[in-house]
Each structure stands twice: as structure tokens, then as C-alpha cells.
Amino acid sequence: MPELPEVETTVRDLRRLIIERVIADPGVSFADWPRIIATYSPEVLGQLIAGEKILALRRRAKYILIELSQHKHLVFHRKMTGNLFWREPGAIADRYTHLVIPFRDGSELRFTDLRKFGRVYLFLNEEELSQYLAKLGPEPLEDDFTEELFHQLIASRRGMLKPLLLNQGLLVGLGNIYVNEALFVSGLHPKRSAETLKPEERTLLYHAIRQVLTTAIENRGTTLSDYLDGEGQKGRNQELLFIHNREGKPCRNCGTLIIKIMVGQRGTYLCPNCQPKLSLAN
DNA sequence: CCACGATCCTGCTAGC
DNA sequence: TGCTAGCAGGATCGTG
């Protein structure tokens with residue numbers, strides 16, 4: 001579930017909440033599903049992070065990067081239903097908690113995940129970290145993600161737009177919700193082959209992607225059912241979605257009823273009027 | 001390069 | 001009401 005805006009919101013929250021806190025010894029106080037920890041056993045992870053101070057938090061793609069000393073990094077990916085939040089000392093238990101990292105002050109970092117797809121990694125140095133992240137494409141909201149770069153990335157791709165934009169090797173951060181939204185905003189059909197786009201259509205898509213992500217961050221992310229921010233609170237972008245999860249409802253632009261189809265095995269919402277199958281001028 | 005299916009899990013709900 | 005098939009913010013791997 002969490003896509004770029006949700007991960008960004010969580011990172012900003014946790015930055016305020018856990019930087020400077022020191023991890024207790026041992027560094028793992030609860031772990032009931034060892035597979036959640038991808039790189040070590042719960043015991044070894046607990047030893048490796050014990051006594052470490054939280055120095056910085058960053059987001060890369062949909063990963064939350066927590067920097068410790070000597071460039072050690074705790075890295076979380078929440079996949080579909082994972083959440084990461086900070087709790088005060090003595091806070092009541094959260095459902096679906098599978099990993100707890102205690103701080104010396106008694107507060108906790110809790111990783112919850114209904115479906116158990118989420119993962120946590122510990123990388124011991126910059127080298128290990130960057131090697132793991134090397135597979136990822138550029139960040140769509142960074143300054144170096146120029147319109148020119150986007151044109152280059154997709155101009156000669158023959159795949160359908162929808163699965164292409166979900167590919168984190170091409171560009172990162174988009175998931176099912178925001179791809180659906182961005183294609184609607186740019187008036188493009190999800191099954192259009194990227195190579196059939198005219199330059200002006202690629203430009204529309206470029207700006208739609210950035211607009212949709214930026215707006216969602218301003219609204220603290222989209223909570224359809226499971227997503228919670230760094231304090232365990234819901235986002236509010238779900239009220240502003242144009243088409244995602246709005247099958248049978250009127251398009252906010254033209255009133256045509258929104259339909260749902262499957263594209264690349266993912267539920268795909270679109271307005272048949274605003275997103276015609278072929279380009280308008282052919 | 002591209003499409004498709006299976007896989008990792010649990011919970012909810014549409015449809016019978 | 002009760003059951004069950006299918007789907008849900010992701011990503012990876014194998015096949016053709």
C-alpha cells in the first residue's frame with residue numbers, strides 16, 4: 001500500500017519523533033515472525049543495533065532509511081499493509097505488531113503488518129546499502145527528474161503505460177493508486193503503449209505524476225484501509241482521489257461513470273470519456 | 001523487451 | 001445466514 005506520499009509522510013513524522021533516541025539493549029524486544037527481518041535473526045539484529053542512536057531518516061523510493069552510527073542503516077519496506085510508528089512508554093499494544101525496537105527512554109518503534117509482506121533490513125555500511133538500492137530508478141519529485149529525462153525513459157518503451165509506471169526500476173514511488181490518478185489527470189488510457197505517446201502527451205504525464213504525488217503529500221497520504229502515519233494516524237488524501245476506488249461513481253471532470261478493468265493483473269480505474277483508448281489526434 | 005502467473009499473507013465482501 | 005472465491009497501497013521470480 002504505502003506509495004511515495006505515504007512513505008514520505010511517515011519519514012517526516014518519524015524524523016520529528018525518533019531522531020536522537022537511543023536504542024535499548026537488546027535492540028529487539030518483540031519479534032513473532034522472523035521472516036519480517038530479511039538480513040538477520042531477531043537475536044542478532046537485537047545485538048547489532050543495541051545502544052545505537054538514531055542519527056537521521058530519509059526516504060528512497062518506498063523504503064524508509066534509518067541511519068545509525070558508522071553508516072549502519074535500518075531499512076523498512078512496508079509492502080501492502082505494513083506500518084511503522086513510534087509509541088510512548090507504556091502505550092497499549094497495536095494489532096498485527098511483528099517487530100518492536102525499544103528505546104532507552106521506554107518509548108518504542110513498532111512495525112505492524114497484517115499481511116506480513118513487509119520487510120526490515122540492516123545494512124552495516126554505505127556499500128551494502130547502495131548496492132541494495134542500485135536497482136531503483138530516479139525519484140520523480142527530485143530536481144534532477146527533468147521533463148527531458150522522463151521523455152528519454154519512456155519514449156521507446158513498447159509496454160502498456162500502467163505496468164510501466166509501476167516498474168520501480170524505471171522511476172520510483174508510484175503504486176497502483178497514484179498511477180491510476182496520474183493517468184486520469186493526463187487523460188491517457190492505462191493500456192496505451194508508451195511509444196505511441198506524442199511529446200505533448202508525455203509532458204502531460206510528467207506533470208500529472210508530480211502533481212498527484214505532491215498533492216498527496218500535502219494531504220498526508222491516502223488511507224484506504226490500513227495506512228497510518230508515523231503517529232498512527234490516518235491520511236486524508238482518500239477524499240480527494242479522482243478515480244481510484246471510485247468504480248460506478250461520476251467522473252469529477254465530466255460526470256461519466258468510472259469503470260474498473262484489470263491491467264497487468266492490477267485493478268485499474270478510468271473514465272472512458274476522459275481517457276480514450278487511442279490518442280485523440282490519430 | 002514484454003506479458004502473464006505464482007508467490008509471500010490475512011481479512012473483508014460480493015455473490016451465490 | 002453461511003460459505004467461498006476473489007481481491008486488496010508491492011515486488012520478485014520463472015516461463016514463454
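Just so we're on the same page: letters track the sequence lines, and every chain starts at 1.
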From C/dG9, B/dC9, C/dG10, pick the nucleotide closest to the side chain of A/Ser225?
->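 Closest of the options to the side chain of A/Ser225: C/dG9.
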
Taking the side chain of A/Leu224 as heavy atoms from C-beta outward, which of B/dC1, C/dG9, C/dG10 is closest to it?
->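 The answer is C/dG9.
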
OP1 or OP2 of [N] less than 4.0 angstrom from a side-chain nitrogen or oxygen of [X], does that happen here?
X        : N      : result
A/Lys79  : C/dG9  : no
A/Lys116 : B/dT10 : yes
A/Arg157 : B/dC2  : yes

About how many Å separate CH2 of A/Trp86 and CG of A/Asp13, when rounded to the nearest 0.5 Å?
->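 If we round to the nearest 0.5 Å, A/Asp13:CG and A/Trp86:CH2 are 12.0 Å apart.
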
How many angstroms lie between CD in A/Glu52 and CD1 in A/Ile66, if you round to the nearest 0.5 Å?
-> 12.0 Å

To the nearest Å, give me how far apart [atom1] ([X]) and [atom2] ([N]) are.
X        : N      : atom1 : atom2 : result
A/Tyr227 : C/dA8  : OH    : C1'   : 18 Å
A/Arg78  : C/dG10 : CZ    : P     : 12 Å
A/Met80  : B/dT7  : CE    : C1'   : 13 Å
A/Leu166 : C/dG10 : CG    : C1'   : 9 Å
A/Met160 : B/dA3  : CE    : C1'   : 7 Å
A/Leu164 : B/dC1  : CG    : C1'   : 11 Å

Would you mind writing out the side-chain donor-acceptor pairs for residues 87-94 of chain A within the sub-3.5 Å range, not counting sequence neighbours?
| from | atom 1 | to | atom 2 | distance (Å) |
| --- | --- | --- | --- | --- |
| A/Arg87 | NE | A/Asp94 | OD2 | 3.1 |
| A/Arg87 | NH1 | A/Glu231 | O | 3.3 |
| A/Arg87 | NH2 | A/Asp94 | OD1 | 2.9 |
| A/Asp94 | OD2 | A/Arg110 | NH1 | 2.6 |

Go through the structure and list residues passing ring pair (Phe, Tyr, Trp, His ring centres under 6.0 Å) with [X], not counting sequence neighbours.
X        : value
A/His77  : A/Tyr63
A/His73  : none
A/Phe123 : A/Tyr121, A/Tyr132

Would you indicate what A/Lys162 reaches in the nucleic acid, counting non-hydrogen atoms under 4.0 angstrom: base, sugar-phosphate, or nothing?
-> nothing

Which residues, if any, of residues 230-246 of chain A bring a heavy atom under 4.0 Å of DNA chain C?
->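 Those residues whose heavy atoms fall under 4.0 Å from DNA chain C, taken from residues 230-246 of chain A in numerical order, are A/His244.
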
What residues in residues 256-267 of chain A put a non-hydrogen atom under 4.0 Å from any atom of DNA chain C?
->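 The answer is A/Lys260, A/Arg266, A/Gly267.
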
Side-chain donor-acceptor pair under 3.5 Å between A/Arg192 and A/Thr196, yes or no?
-> yes

Side-chain donor-acceptor pair present, A/His207, A/Glu147, cut-off under 3.5 Å | yes

Looking at A/Thr9, A/Thr222, A/Thr223, A/Thr215, which hits side chain to side chain donor-acceptor pair (under 3.5 Å) with A/Asn237?
-> A/Thr222

Between A/Leu213 and A/Leu174, is a side-chain contact (heavy atoms from CB on, under 4.5 Å) present by the stated rule, with each step listed?
-> CA-CA 8 Å; A/Leu213 293 175; A/Leu174 293 170; 3.9 Å; yes

Spacing of the C1' atoms in B/dT10 and C/dT1 (rounded, Å) | 23 Å

Tell me which residues in residues 28-36 of chain A put a heavy atom below 4.0 Å from DNA chain B, sorted by number, or none.
->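 Those residues whose heavy atoms fall under 4.0 Å from DNA chain B, taken from residues 28-36 of chain A in numerical order, are A/Trp33, A/Arg35.
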
Give me the other members of the hydrophobic cluster that A/Leu228 sits in, counting Ile, Leu, Val, Met, Phe, Trp and Tyr linked by side-chain heavy atoms under 4.5 Å, directly or via other members.
->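 A/Phe85, which link up through side-chain heavy atoms under 4.5 Å apart, make up the rest of the cluster.
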
Which residues pass the side-chain hydrogen bond (donor to acceptor under 3.5 Å, both in side chains) test with A/Arg202, sequence neighbours left out?
-> A/His151

Are A/Tyr206 and A/Phe145 near enough that their ring centres are under 6.0 Å apart?
-> yes

Report the C-alpha distance between A/Glu67 and A/Lys72 in whole Å, list the side-chain angles of each, state the deciding distance to 0.1 Å, and finish with yes or no for salt bridge (Lys or Arg N to Asp or Glu O under 4.0 Å).
-> CA-CA 6 Å; A/Glu67 186 180 346; A/Lys72 258 183 243 173; over 6 Å; no

Using a strict cut-off of less than 4.0 Å between a Lys/Arg side-chain nitrogen and an Asp/Glu carboxylate oxygen, indicate whether A/Glu195 and A/Arg157 qualify as a salt bridge.
-> no

Hey, is CD on A/Gln70 packed in by over 12 heavy atoms from elsewhere, all under 6.0 Å?
->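 Open.
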
Has A/Phe117 got its ring stacked on B/dC8, by the test of a centre gap below 5.5 Å and a plane angle below 30°?
-> yes

Using a cutoff of under 3.5 Å, can you pull out all pairs of nitrogen or oxygen atoms linking the protein to nucleotides 14-16 of chain C, with atom names and distances?
none

If the glycosidic angle is within 90 degrees of 0 it's syn, otherwise anti, so just tell me which one C/dG9 is.
->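 C/dG9: syn.
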
Write out the stems for DNA chain C, ordered by first number and formatted as range with range, counting runs of at least 3 consecutive Watson-Crick or G-U wobble pairs under 3.5 Å.
-> B:2-8 with C:10-16, B:10-16 with C:2-8

What pairs of nitrogen or oxygen atoms, one from the protein and one from nucleotides 11-13 of chain B, lie under 3.5 Å apart?
| from | atom 1 | to | atom 2 | distance (Å) |
| --- | --- | --- | --- | --- |
| B/dG11 | OP1 | A/Tyr96 | OH | 3.4 |

